[in-house]
Structures are given as C-alpha cells and as structure tokens.
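Have a look at the structure below before the remarks.
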Amino acid sequence: MITKKTLKASVKAFKDFAKKNLPDEKLQELDARDECPLDIVRHMCSPDKLGIQLLFVPEEFGGFGGGAFDVYCVCEEMARIDLGVATAVLATFLGSDPITVGATQEQKKLWLTRIAEEGLLFAYGATEPNAGSDLGALESTADRVVEDGKVVGYKINGSKQWISNGGIADACTVLANTPGGPSWFVVEKGAPGFSHDEPEDKHGIRLSNTAALSFTDVYVDADRLIGGVEGQGLIQAQAVFGYTRLMVAAFGLGAGWAALDRAIPYSRTRIQAGAPLSEKQGYTHKLIVPNVVRLEAARAYIEETAERIDAGEGSLNTEGAIAKYMATEAGDRAADASIQALGGYGYTHEYMVEKIKRDVRITRIYEGTSEIMEMTISRDRWQSHLKTRGRHYHEQAQKFEALHASHPSVGADIAALALHALAEVMERARVARLTRHQHVLLRVGELIAYAECAGSLSRRASLMLQGRLHEKANQRFDATALETIARCFAREAALKVAAEGLQVVAGAGGVTDSEMAAFQTTMGLPAIHRAQAGLIADLDYVADVLYGRVAKSARAAA
Ligand SMILES: Cc1cc2nc3c(=O)[nH]c(=O)nc-3n(C[C@H](O)[C@H](O)[C@H](O)COP(=O)(O)OP(=O)(O)OC[C@H]3O[C@@H](n4cnc5c(N)ncnc54)[C@H](O)[C@@H]3O)c2cc1C
C-alpha cells in the first residue's frame, strides 16, 4: 500500500530529478540523436536511486505494492516529462506482467524480487512481423525438449518486432506457440541464439529503445515457462489489459497536458492584433478549452476505472479500453492544437510541442490501436445491450437523471441525453442488423466511449462538490470549474452521439425517409440541441479559470 504522502514524495523526487537531468535542451539533443539515455533509465529503475519500479512490485517481493491509482498518477507525471523515458519504465512493467498474473510462486519470487532488488530492466515480446493486433497469428515457436520422457526445457525460434527496451533489457518475456498453445517464457540477455537489431528510427518517443528480437534455437529450462502450464499465454496477456491500458491512458493525459501547459503561458504573452492571444475567444475556445475539457473527461474515466480495479472489481478490460481510447485520442488532439496555438514557433523543435505531438502519437498505436479499442468497447457493450433488451444505456441514463436531481449543475442531465440517444442508436442498429458493417460497430464504439465519459465526468464533479473525491485524485480544478467542464463535455458527447449516430445508422440504410423525423425525436435530438444553450458562457468561464481571470472566491460564489 502506498500512502498519499509516499506517492507525493515519489512524484516530487522524480520531478526534481527530471528538472535537473532532463531539461528541454537535453531532451531535444537526445531526440535529435535518436538516443535512449540508458543511464537515466537505469537511475529511475534502481532501487537505491529513484526506484520507480518498486511502486508496482508487490510488497511480498520487496516493492511498494502500488495499485492502479498510484500507477496512473506516476505514469501521468512521467509522460509530462518525456514519453520515451516513460515507455522504457512501462516496458519493464509490461514485461513483468505475465509473471505477475500467471507465474508460479517460485517464479514470481525469482523475477519480481530481482526487479525490486537489482532494478532489472524487462521487455515485453508479443508483437511479430505478421502478428500485431491479431496476436493469434503468432508464428514464434517453443518446442519441447524431452529427456527420459520428461519435458526439461524448450527451444524458441522466431522473431519479435518493435519491442520497447528490446536492445537494452536484461530479460524479456516472450510469447511463443508451444504444442499446448501460446505461452510466455522468460529469456535472459546473452542466451545463445537470442539477439536484437539496431534501434528503430522512429517518428517519436525517440528516447525509448525499440528493437526487433530474433530467436534461433534459444534453449530455456522448463521453469522459464511462465505458470508451468502451456497454452495460458493469451489468457495471461488479456488478464492485465485493464491495468496496462490505464497506464497508456495516463501517458496520453500527461502528454496532452504537457503540450497545453506550454500553449497556455505562451498565449498569455503573445500579442497579436493588439492583445494577448489568451484574450481571443476564437483562439481559446478552439485550441485550448475543448482540449482541456476532453482531457478532463478522460481523466474522470481513468480515475474511476483505477479506483474500481483497486477495489477488486476485476481487470475491467472494456473500461481500460475506453480510458485508453479517450485519453490517447484527446492527448494527441491537444498536442496538435498546441502546435497550432504556437503558430510557426510551434512547428520548430525549440518550443517542444512538436516533439510532444510526435511522442504522444504512439499512444494511439501501442497496447492496442484505437480501432481495436473501438472494437473491444463496442463488442462488450453490445452484449450488455442485447442482454438487457436495449435497456442498458436507458438505465444508465436514469441514474444520471437522478444525479441531476441532487446536483443540477454537473451536466448529468445532458449526459443522460447522450446515453438515451446511444441506446436508441444501438437499438436501431440491432433492428436493422447494421453491425454486420464493421464500420458501424466501430463508430458505435467511439460513441459509447464519449457517452460513458460524459457520465463519469459529471459524477466526478458531483463527488468533488461533496468533498468525496479519491484522496489521491488530481485537484487541478476546483468544484465550480469542474462542473463547468463537465457541462461542456456532456454537450459535446450528446451532440456527437446524436449526429454521428444518426449519420451511421442512416448511412447503413437503418432509417428510411419516412422514419427519419420520428427517429430524431426518439433519439432526443431536439432536447440535445436545446442543451447546447449556455455553451459559450461555460467555455468563457473555463478559459477565465485557465488564464487566472477568476479568483477562487469568485468561483466558489459562482
Ligand atoms: C514504438 C513502438 C513500441 C512498441 N512496443 C511494443 C512492445 O514493447 N511489445 C510488443 O509486444 N509490441 C510493441 N509494439 C507493437 C504494437 O503493440 C503494435 O504495433 C500494435 O499492437 C499494432 O500492431 P501492428 O503494428 O502490427 O498493426 P496492425 O495490427 O497491422 O494494424 C494496422 C492498422 O489496421 C488496424 N486494424 C488491425 N486489425 C484490424 C481489424 N481487425 N479491423 C479493423 N482495423 C484493424 C489497426 O487499428 C491499425 O490502424 C510497439 C510498437 C511501436 C511502434
């Protein structure tokens, strides 16, 4: 268990270290040279130095036993500094995951203790040249080595692609096909037949080492088969997705905010047409505020999911997918908008936002692409829709209507409109059998993510009003600002669900001309349009908060 105090101290130590050792000029140099600062990564992972890895190693193996909430907090902070370095730390976490969830007690003791005590760097070897999103297409093999009728070891053959820490890790978990099915193995650096290529020349996260791995008759003893039973590999990989996707979600959040935290001060001092850009509504309400709103919607979902994982609700894969999808898409958009916000300066290396944009782009690809997230989300919630005969999202909406009755300012009524509209879109897709079009399925996945995040953010705002937020929750905004942000996002989500939901069902032939007007009413389109009233005033208010134009006392009175 990590206390709030310990977490704060760890984050502070990390920030102080980064300030001293990774100033902008150093980051720019390493980025230009495409170089992973191994000394810094080792320093961060060494138990007698920063020891970030200790946070996620269970206490019984010498770590601090941090939960999902702690990991989210640390990942966001790491991403704010540099996503490449953060990826190097993440890779050890990912690499040790199959061990944490699937290993025997002896294996856990051996490897997790070594991570905690020796600062061992790991890599996670799943992806192959022909097996990316579809890991079932795995081609690497692990053949049994049998002596006296007993399996004493395995010979691994194959190759892995784009493996983070691939060229620097001390050990690697490798997924390979055994006669009993896909299974994880631990392979140590230096094993005969195990080699890695030169680091990839990448678009972003150039401070992380990414390399292909090659295995030619690499022998490992049978005790390197994680869990000791063949065929558990894909189940073990699935078991932690909720958790690991939350980490990448936190990366998207941290990087997105890192970009905005450069754009916001810049726009205070940049004078154009006689006044700072921060005073121009057409600038703030396009480039800054909507990105803040989307990032905070994603944060609400991340925090809620982390809290639920820590409460023992299971691995929450779909919620992890929603968190990752929303935070990484929002982070990428925020970084892109930050380049725009800095104009020509934003397009140069010196101002850093273009580096952040290149870096954050990977979060939409690794640990499951955005399209795979859309599919995961849609398939799961589709089952809920079917099982409840279309009631699932109507019932969720009713909960937010109740929340609106007790907390009328947090946008819960508008979130409810989004959820009702979503239920109608899904029902229409069911009746007209539209999910045979993969495009419909995936677009609905996006709408689900928006509608659920709208609910989450309004709930978060209500908890903040009641002083019941998680003790480690981010407190960047006060309750008045957060409820305004929640209303802004709920409006966006409701309009998106209605407009894009209508587009996709009509586009797939699910609504005839004569049904159109009635369907729009069933979806609640007129109410969703009416709910847009007040949007500009709310955007004005969020801008005023971001630019320090509202005193805290005035906010409390608002
Ligand atoms: C910098 C970097 C670091 C990485 N680190 C690691 C690591 O440490 N360990 C590791 O194992 N892997 C790692 N990866 C691999 C990463 O997880 C994969 O790139 C990712 O899962 C996508 O696989 P792919 O690249 O083969 O793309 P593909 O699966 O070929 O996908 C290509 C495109 O098609 C879409 N697509 C795929 N399937 C479908 C479908 N069924 N329906 C519709 N659209 C689809 C995808 O969304 C994507 O847009 C890393 C990759 C990079 C670039």
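We count ligands from 1, going down the list as the structure has it; atoms in each ligand are counted the same way. One-based numbering along the sequence shown.
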Residue Arg42 excluded, over 12 heavy atoms near CZ under 6.0 Å: yes
Working for side chain to side chain donor-acceptor pair (under 3.5 Å), residues Arg224 and Tyr219: CA-CA 10 Å; Arg224 298 297 166 94; Tyr219 176 80; over 6 Å; no
Minimum-distance protein heavy atom relative to atom 24 (P) of ligand 1: Gly132 CA, 3.9 Å
Any N/O pair Lys202/ligand 1 closer than 3.5 Å: no
Tyr154 side chain to Glu230 side chain, donor-acceptor N/O pair below 3.5 angstrom: yes
Polar contact flag for Ile205 and ligand 1 (N/O pairs, less than 3.5 Å): no
Which residue and heavy atom of the protein sit nearest atom 31 (O) of ligand 1, plus the separation: Ser133 OG, 3.9 Å
Ligand-side contact atoms (ligand 1) for residue partner Ile372, heavy atom cut-off under 4.0 Å: 38 (N), 39 (C)
Partners meeting side-chain hydrogen bond (donor to acceptor under 3.5 Å, both in side chains) with Arg430 (sequence neighbours left out): Glu427
Leu94 and ligand 1 - part of the residue with a heavy-atom distance under 4.0 Å: neither
Thr127, portion touching ligand 1 at heavy-atom distance under 4.0 Å: both
Contact with ligand 1 for Lys160, non-hydrogen, under 4.0 angstrom: no
Close side-chain approach of Ile302 to Thr305, heavy-atom, < 4.5 Å: no
Closest approach of any protein heavy atom to atom 8 (O) of ligand 1, naming residue and atom: Ser164 N, 3.0 Å
Heavy-atom protein contact below 4.0 Å for atom 20 (C) of ligand 1: yes
List the atom pairs, donor and acceptor, that lie under 3.5 Å between side-chain atoms in residues 55-69 and the rest of the protein, sequence neighbours left out.
residue: Glu59; atom: OE1; partner: Met1; partner atom: N; Å: 3.1
residue: Glu59; atom: OE2; partner: Met1; partner atom: N; Å: 3.2
residue: Glu60; atom: OE1; partner: Gln105; partner atom: NE2; Å: 3.2

Residue among Trp184, Phe93, Tyr366 satisfying ring-ring contact (aromatic ring centres under 6.0 Å, His included) with Tyr124: Trp184
Ligand 1 to Tyr366 polar contact by distance, N or O atoms, under 3.5 Å: no
Any side-chain heavy-atom pair of Tyr450 and Arg294 under 4.5 Å: yes
Met375: numbered ligand 1 atoms lying under 4.0 Å from its heavy atoms: 40 (C), 41 (N), 42 (N)
Region of Gln438 engaging ligand 1 - heavy atom pairs below 4.0 Å: side chain
Ligand-side contact atoms (ligand 1) for residue partner Ile362, heavy atom cut-off under 4.0 Å: 1 (C), 2 (C), 52 (C), 53 (C)
No-hydrogen, no-angle side-chain donor-acceptor test under 3.5 Å, Glu296 and Trp257: yes
Contacting atoms of ligand 1, where contact means under 4.0 angstrom from a heavy atom of Ile365: 19 (O), 20 (C)
Any side-chain heavy-atom pair of Gln236 and Ile226 under 4.5 Å: yes
Polar atom proximity, Tyr124 to ligand 1 (N or O, under 3.5 Å): yes
Contacting atoms of ligand 1, where contact means under 4.0 angstrom from a heavy atom of Thr369: 22 (C), 46 (C), 47 (O)
Protein heavy atom at shortest distance from atom 49 (O) of ligand 1: Glu371 OE1, 3.3 Å
Flag for Glu128-Ser140: side-chain donor and acceptor within less than 3.5 Å: yes
Asn165 contact mode with ligand 1 (heavy-atom cut-off under 4.0 Å): neither
Side-chain donor-acceptor contact under 3.5 Å, Glu319 with Tyr301: no
Check: Phe17 ring centroid to His43 ring centroid under 6.0 Å: yes
Heavy atom of the protein closest to atom 4 (C) of ligand 1 (residue, atom name, distance): Trp162 O, 3.0 Å
Heavy atom of protein closer than 4.0 angstrom to atom 36 (N) of ligand 1: no
